[in-house]
Amino acid sequence: MLRLIGVGGVIAYRGLFNWTTPAMFVGTLLVGPVFQLLFFAFLGRQLGVGSDHFYIVGNAVFASATACVYGGVMAVANERRFGTLGHVLLSPRSRTAIFLGRALPYAANGLLVAAITLLGGVLVLGLSVPGSALPGLLLAFAAGSVSSAFFGLALGAVGLRLRDVWLISNVAVALMLLLTGVNVPAAALPGWIRTVGSIVPITHAAEAARRLVAGGSLGDSVASLAAELGVGVAYAGLAAALLKIFEAESRRRASLDTL
């Protein structure tokens, strides 16, 4: 089972990865998030809202979420797009394990993107990050990446039934900008948005990361990290359930290969 999840996930990552050239990878996943960080940081300065610390850390975590959500969607939707979904579903092995394993390489990719985005903010805007905070930041980025990848996988599962799953994923990522508080202070949001945001990936990871960069200890962030992992486990369960339901429904309607 571990081999199925690990090796199968890496092979699918290589086969379904959409950022196929180095230039596209750097521009989409590395340069783009840094410019987004700078945009919100300078906008915050102009409006007198938040601080460079607030926007650098928040957008570093959000950068990982963007890569992971779209990656999770691709892990399922691109099988249908490339006409190989039928081959996967004919496998005698657990399709749930196959697809859940596919989220992990994208989570690792998101961790890399988050680290480079944070580094860009440090170099350009001069954020000081305590050395003692680095292990905790790594955990926060990893937790946010994993929960975002499973969230993307749950959205991708809808691609077994809908033709344009990218519309849903684009809207979901846009809403995450608001609901997670990465670019808007939580205190400025209505209570119902904060409630919804508590079950959206990276909300708790961003809280933990900001606390660590501000000088807090890892122990102070354990509750936020645990909450983020809990969100990830919940979306993994939702993705597994949706994959089973939509696979059965699509078989019944013979719609698996309909584009």
Side-chain angles (χ1 to χ4, degrees), residues 5-6 8-10 12-19 24-34 36-37 57-79 98-118 137-159 165-166 168-177 179-183 197 199-209 224-225 227-240 242-243:
I5 293 174
V10 172
Y13 175 83
R14 294 174 61 184
L16 301 174
F17 196 61
N18 270 186
W19 300 286
M24 188 177 295
F25 179 87
V26 171
T28 303
L29 295 182
L30 301 183
V31 176
V34 173
Q36 177 177 297
L37 180 156
V57 177
N59 280 279
V61 177
F62 183 77
S64 70
T66 303
C68 292
V69 170
Y70 285 121
V73 171
M74 284 193 298
V76 181
N78 276 1
E79 290 283 8
I98 290 174
F99 282 117
L100 290 181
R102 292 183 176 188
L104 301 182
Y106 289 103
N109 190 65
L111 181 60
L112 172 66
V113 172
I116 292 179
T117 303
L118 179 65
L137 277 175
L138 184 63
L139 289 175
F141 289 156
S145 296
V146 170
S147 64
S148 298
F150 284 130
F151 176 63
L153 198 66
L155 295 178
V158 181
V165 71
W166 298 108
I168 298 174
S169 59
N170 288 336
V171 172
V173 170
L175 287 175
M176 288 175 71
L177 273 172
L179 297 175
T180 59
V182 293
N183 283 309
I199 59 173
V200 175
I202 75 171
T203 298
H204 304 289
E207 292 175 357
S224 294
L225 293 175
E228 187 66 40
L229 290 175
V231 171
V233 170
Y235 279 113
L238 177 62
L242 290 177
L243 285 167

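- Going from atom CG of Leu155 over to atom CZ of Phe150 covers 13.5 Å, rounded to the nearest 0.5 Å.
- Between Leu37 and Phe62 there is no side-chain heavy-atom pair separated by less than 4.5 Å.
- Taken from OG in Ser224 to CG in Leu139, the straight-line distance is 12.5 Å, to the nearest 0.5 Å.
- Scanning both residues, Gly110 and Ser64, for their nearest heavy atoms gives O-CB, 3.1 Å.
- Put simply, the residue from Leu238, Leu242, Leu100 that forms a side chain to side chain contact (heavy atoms under 4.5 Å, CB included) with Leu153 is Leu100.
- Within the model, atoms OG1 of Thr66 and CG of Leu177 stand 7.0 Å from one another, a figure rounded to the nearest 0.5 Å.
- By the side chain to side chain donor-acceptor pair (under 3.5 Å) test, Ser169 pairs with no residue at all, sequence neighbours left out.
- A search for side-chain contact (heavy atoms from CB on, under 4.5 Å) contacts involving Ile199 returns nothing, not counting sequence neighbours.
- Between Val69 and Tyr106, the closest side-chain pair of non-hydrogen atoms is not below 4.5 Å.
- Taking CE of Met176 as the reference point, atom OG of Ser148 lies at 4.5 Å (rounded to 0.5 Å).
- Val113 meets the side-chain contact (heavy atoms from CB on, under 4.5 Å) test with Leu29, Leu30, Pro33, Ala63, Ala67, Asn109, Thr117; sequence neighbours excluded.
- Partners of Phe151 under the ring pair (Phe, Tyr, Trp, His ring centres under 6.0 Å) rule, at least two apart in sequence or in another chain, are Tyr235.
- Partners of Val233 according to the side-chain contact (heavy atoms from CB on, under 4.5 Å) rule, which considers only residues two or more places apart in sequence or in another chain, do not exist here.
- Annotation: the span from Leu138 atom CG to Leu118 atom CG amounts to 11.0 Å, rounded to 0.5 Å.
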query = For Val61 and Glu228, what are the C-alpha separation, side-chain angles and deciding distance, and is it a side-chain contact (heavy atoms from CB on, under 4.5 Å)?
reply = CA-CA 12 Å; Val61 177; Glu228 187 66 40; over 6 Å; no
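- Take Thr203 and apply the side-chain contact (heavy atoms from CB on, under 4.5 Å) test, not counting sequence neighbours, and it matches Thr180, Val200, Glu207.
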